[in-house]
Amino acid sequence: MSQQYPQQPYYQQGYQTAGYQPAQQVDSADSVGNWVLTIFLMGIPLVGLIYMIVLAAGDGRSLAKRNFARAYLIWIGIGIALAIVLGIIAAVTGGLFFTAVFSELNNSSSYSSHSY
């Protein structure tokens, strides 16, 4: 027969970590008017770009606007890179096209210069 021992109550001690602070929420609810102003400023060519850089780099109160500005600047960078690549392709194909056209014009003009 097995002998049973009385169960000791289990006490859980609270653990404390030195210097631990729970994350504070810095994100404030942005109003519709605040977003309307942001979108309006984005539409102004140079001011909008500067405003997006300030929002992306700053540690402002709105986490949503900071992330939006970062995503916006990434898309601007992709658009600029794509425009450069397409511009190079257009310049090369345009140069080849005009070279072919001018060489054809030179060849056809040498045959058509007959004296009557």
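Quantities reported herein were computed from a predicted structural model and do not represent experimental measurements. Only this structure's heavy atoms are used, side chains among them; waters, hydrogens and symmetry mates stay out.
Both Leu37 and Ile53 are assigned to one and the same hydrophobic cluster, defined by single-linkage of ILVMFWY side chains at heavy-atom distances under 4.5 Å. Tracing side-chain contacts under 4.5 Å through hydrophobic residues (I, L, V, M, F, W, Y), one reaches Leu41 starting from Tyr72; they form part of the same cluster. One hydrophobic cluster, built from ILVMFWY side chains closer than 4.5 Å, holds both Phe97 and Phe102. Under the 4.5 Å side-chain heavy-atom criterion for ILVMFWY residues, no single connected hydrophobic cluster contains both Ile76 and Val54. In this structure, Ile80 is a member of the same hydrophobic cluster as Met42, with clusters built from ILVMFWY side-chain heavy atoms closer than 4.5 Å.
Taken to the nearest 0.5 Å, the OG1 atom of Thr93 stands 10.0 Å off from the CZ atom of Phe98.
For Trp35 and Phe40, the distance between ring centers is not under 6.0 angstrom.
Taking the side chain as every heavy atom from C-beta outward, Leu55 and Met52 approach each other to under 4.5 Å. Taking 4.5 Å as the limit, some side-chain heavy atom of Leu73 sits within range of a side-chain heavy atom of Leu49. No side-chain heavy atom of Trp75 sits under 4.5 Å from any side-chain heavy atom of Arg70.
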Next on the checklist: Would Thr38 and Tyr51 count as a side-chain contact (heavy atoms from CB on, under 4.5 Å) here? Give the steps.
Outcome noted: CA-CA 9 Å; Thr38 299; Tyr51 182 64; 3.5 Å; yes

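Between the side chain of Arg66 and the backbone N or O of Ala56, no donor-acceptor pair lies under 3.5 Å.
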